[in-house]
Amino acid sequence: MRIVRCIVAILALSLLALAGAAAQMSLFKSPEYLRLTWGVLLESFLDPALQTSGNLVRVPKTAINFNFGAGISLPFSAVPELAFAPSGDIYYYNAEYSDSGQPVATDETFSSAFVLGLILNAPVVYSYSITDKISLSAGLGLAFDIRAAITTDSQKAANTELMNTYFWDQGRFFMPSTSARFEYKLTERVGFGFNGRVLWPIYNWWTGEGLGFFDQAKYLINLVVRYKFSEPSAAPNPEPAAP
């Protein structure tokens with residue numbers, strides 16, 4: 001858990017630094033919202049051998065993991081409905097190296113490594129207010145899926161290096177993202193909602209594994225808690241000098 005705490009601290013500091021830098025740029029307004037997210041992360045595995053009866057590595061077609069994260073919203077000065085919304089999400093799962101040479105999520109009983117992942121997402125999001133309290137948003141951007149495998153079975157320690165090589169080989173860490181979000185304003189500062197995101201494994205176009213485009217696609221379904229930052233106070237008008 002020390003690794004998780006370090007990543008959370010680095011993520012928080014990075015978001016604060018980004019917010020401070022953005023405030024100095026005329027391209028963006030001051031940060032508007034902080035969003036905390038947590039929920040489930042689904043990942044599809046399309047290798048038919050993984051579902052074969054009697055296979056030592058037992059993997060469902062859709063593995064269920066958990067994620068939690070945070071992000072900020074930086075409205076564009078020219079178009080306030082558009083915002084740059086960088087975020088980071090941590091997730092984790094037990095993994096095994098399959099006979100076809102692919103790290104896959106599996107039950108702890110059959111795993112040889114623990115995988116810790118960090119998704120860095122940098123989308124542009126458009127928001128539309130249906131009413132004063134309800135809003136819908138859609139986003140499109142670039143995401144980086146940073147993963148590291150840690151050995152849990154010393155007898156299969158060699159597989160850990162193979163997993164980490166696979167994660168970084170041929171750009172498998174690069175996954176564009178799309179998102180949709182529903183939010184409800186509880187108070188002037190606090191709101192909640194639901195967010196759905198898809199990370200698209202475009203590297204399947206060139207890696208040549210032949211398992212289908214959606215192999216290792218990731219689907220995040222999250223609860224969102226939104227906090228609105230204080231609006232910067234307007235500079236007071238100077239009083240006219242007395243005659």
Q: Is the shortest side-chain heavy-atom distance between Phe114 and Thr160 below 4.5 Å?
A: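 No, too far: nothing below the 4.5 Å cut-off.
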Q: Can a salt bridge be assigned to the pair Asp89 and Arg197 using a cut-off of 4.0 Å between side-chain N and carboxylate O?
A: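 Answer for the salt bridge query: yes.
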Q: Just wondering, more than 12 heavy atoms not from Glu161 lying within 6.0 Å of its CD?
A: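 No, the 6.0 Å shell around CD holds no more than 12 heavy atoms from other groups.
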Q: Any chance you could measure Asn164, atom CG, to Ile150, atom CD1, to the nearest 0.5 Å?
A: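 Answer for the CG-CD1 pair, Asn164 versus Ile150, is 9.0 Å.
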Q: Do you know which two heavy atoms are closest between Ala113 and Thr152, and how far apart they sit?
A: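 Of all heavy-atom pairs spanning Ala113 and Thr152, the closest is N-OG1, 3.2 Å.
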Q: May I ask you to check whether over 12 heavy atoms, not counting those of Ile64, lie within 6.0 Å of atom CD1?
A: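 No, because the 6.0 Å sphere around CD1 of Ile64 holds 12 heavy atoms or fewer from other groups.
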Q: Is Arg226 paired with Glu32 through a side-chain N to carboxylate O contact shorter than 4.0 Å?
A: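 Salt bridge flag = no for Arg226 with Glu32.
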Q: So does Lys133 have more than 12 non-hydrogen atoms from other groups sitting under 6.0 Å from NZ?
A: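 Yes, enclosed.
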Q: Just how far is it from atom OG of Ser73 to atom CG of Leu34, taken to the nearest 0.5 Å?
A: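 The OG atom of Ser73 sits 10.5 Å away from the CG atom of Leu34.
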Q: Decide whether Met175 and Leu46 are clustered together by the hydrophobic rule: side chain heavy atoms of Ile, Leu, Val, Met, Phe, Trp, Tyr closer than 4.5 Å, transitively.
A: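 Yes, Met175 connects to Leu46 through the hydrophobic network.
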Q: Going through the distances and angles, do Tyr33 and Phe229 end up as a side-chain contact (heavy atoms from CB on, under 4.5 Å)?
A: CA-CA 6 Å; Tyr33 294 113; Phe229 293 112; 5.5 Å; no
Q: Classify the side-chain pair Tyr203/Asp169 by whether it contains a donor and acceptor separated by less than 3.5 Å.
A: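 No, because no side-chain N or O of Tyr203 sits under 3.5 Å from a partner of the opposite role on Asp169.
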Q: Counting distance only, does the side-chain N/O of Thr106 pair as donor-acceptor with the main-chain N or O of Ala95 below 3.5 Å?
A: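 No; zero donor-acceptor contacts below 3.5 Å.
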Q: Treat each ILVMFWY residue as a node, draw an edge where side-chain heavy atoms are under 4.5 Å apart, and state whether Leu27 and Val125 are in one component.
A: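 No: no chain of side-chain contacts under 4.5 Å links Leu27 to Val125.
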Q: Nearest 0.5 Å, please: how far is CG in Leu74 from CD1 in Ile72?
A: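 Those atoms lie 4.5 Å apart.
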Q: Given side-chain contact (heavy atoms from CB on, under 4.5 Å), test Ile221 with Phe194 step by step and report yes or no.
A: CA-CA 7 Å; Ile221 304 172; Phe194 298 94; over 6 Å; no
Q: Please answer: with hydrophobic residues joined when any side-chain heavy atoms are less than 4.5 Å apart, are Phe174 and Val115 in the same cluster?
A: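 Linked within one cluster.
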Q: Would the number of heavy atoms belonging to other residues, nucleotides or ligands and lying under 6.0 Å from CH2 of Trp205 be above 12?
A: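 Counting neighbours around CH2 of Trp205, 12 or fewer heavy atoms of other residues, nucleotides or ligands fall under 6.0 Å, so no.
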Q: Could you walk me through whether Ser230 and Arg189 pass side-chain contact (heavy atoms from CB on, under 4.5 Å), step by step?
A: CA-CA 8 Å; Ser230 299; Arg189 285 292 179 85; 2.8 Å; yes
Q: Relative to each other, are the rings of Phe144 and Phe173 parallel, tilted or perpendicular (30° and 60° limits)?
A: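 Parallel.
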Q: Linking I/L/V/M/F/W/Y whenever their side-chain heavy atoms sit closer than 4.5 Å, directly or via other members, would Val224 and Tyr91 fall into one cluster?
A: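 No; tracing contacts between hydrophobic side chains, which count when under 4.5 Å, never links both residues.
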Q: Taking all heavy atoms of Pro103 and all of Tyr166, pick out the closest pair and write down the distance.
A: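 Result for this residue pair: CD-CD2, 3.2 Å.
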Q: Can you see which heavy atom on Ser177 is nearest to which on Asn121, and at what distance?
A: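 Closest approach of Ser177 to Asn121, heavy atoms only: OG-OD1, 2.8 Å.
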Q: Of all heavy-atom pairs between Ile134 and Tyr184, which one has the smallest distance, and what is that distance?
A: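 Closest approach of Ile134 to Tyr184: CG1-CD1, 3.8 Å.
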Q: Return the CZ to CZ distance between Arg172 and Phe167, rounded to the nearest 0.5 Å.
A: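 Answer for the CZ-CZ pair, Arg172 versus Phe167, is 10.0 Å.
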Q: So which atom in Ile119 and which in Ala143 form the shortest heavy-atom distance, rounded to 0.1 Å?
A: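 In this case the closest contact between Ile119 and Ala143 is CG2-CB, 4.5 Å.
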Q: Are Arg35 and Tyr227 in a cation-pi setup, meaning NZ or CZ lies under 6.0 angstrom from the ring centre and within 45 degrees of the ring axis?
A: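 Not satisfied by the 6.0 Å and 45° rule.
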Q: Flag the pair Glu183 and Lys185 as a salt bridge only when some basic side-chain nitrogen lies within less than 4.0 angstrom of an acidic carboxylate oxygen.
A: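 Looking at Glu183 and Lys185, the cut-off is not met.
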Q: For the residue pair Ile202 and Phe213, what are the closest heavy atoms and their distance?
A: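 Minimum heavy-atom separation between Ile202 and Phe213: CA-CE1, 3.8 Å.
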Q: With rounding to the nearest 0.5 angstrom, report the CG to CD distance, Asp145 to Gln216.
A: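 Asp145 CG to Gln216 CD: 9.0 Å, rounded to 0.5 Å.
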Q: Are Lys218 and Asn65 close enough that some pair of their side-chain heavy atoms sits under 4.5 Å apart?
A: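 No, side chains not in contact.
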Q: Quick one: do the Asn222 and Asn67 side chains pair a donor with an acceptor below 3.5 Å?
A: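 There is such a pair (donor and acceptor under 3.5 Å, judged by atom type) between the side chains of Asn222 and Asn67.
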Q: Run through Gln155, Glu96, Lys156 and flag the one making a side chain to side chain donor-acceptor pair (under 3.5 Å) with Ser112.
A: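 Output: one option passes, namely Glu96.
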Q: Should Tyr128 and Leu140 be counted in the same cluster of Ile, Leu, Val, Met, Phe, Trp and Tyr side chains packed under 4.5 Å apart?
A: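 No, because Tyr128 and Leu140 fall into different hydrophobic clusters, even though each may have its own neighbours under 4.5 Å.
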Q: Decide side-chain contact (heavy atoms from CB on, under 4.5 Å) for Leu220 and Asn195; before the verdict, give the C-alpha distance in whole Å, the side-chain angles of both, and the deciding distance to 0.1 Å.
A: CA-CA 8 Å; Leu220 290 81; Asn195 185 33; over 6 Å; no
Q: Measure the CG-CZ distance between Leu118 and Arg147 for me, rounded to the nearest 0.5 Å.
A: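 Nearest 0.5 Å value for the CG-CZ distance: 12.0 Å.
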Q: Any side-chain heavy atom of Trp200 sitting closer than 4.5 Å to one from Phe214?
A: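 Counting from C-beta outward, Trp200 and Phe214 do come under 4.5 Å.
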Q: Look at atom CZ of Phe76 and say whether more than 12 heavy atoms of other residues, nucleotides or ligands are closer to it than 6.0 Å.
A: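 For Phe76, atom CZ is crowded (more than 12 foreign heavy atoms under 6.0 Å).
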Q: Taking Thr187 for its side chain and Val190 for its backbone only, find out whether a donor-acceptor pair lies under 3.5 Å.
A: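 Confirmed, Thr187 side chain pairs with Val190 backbone.
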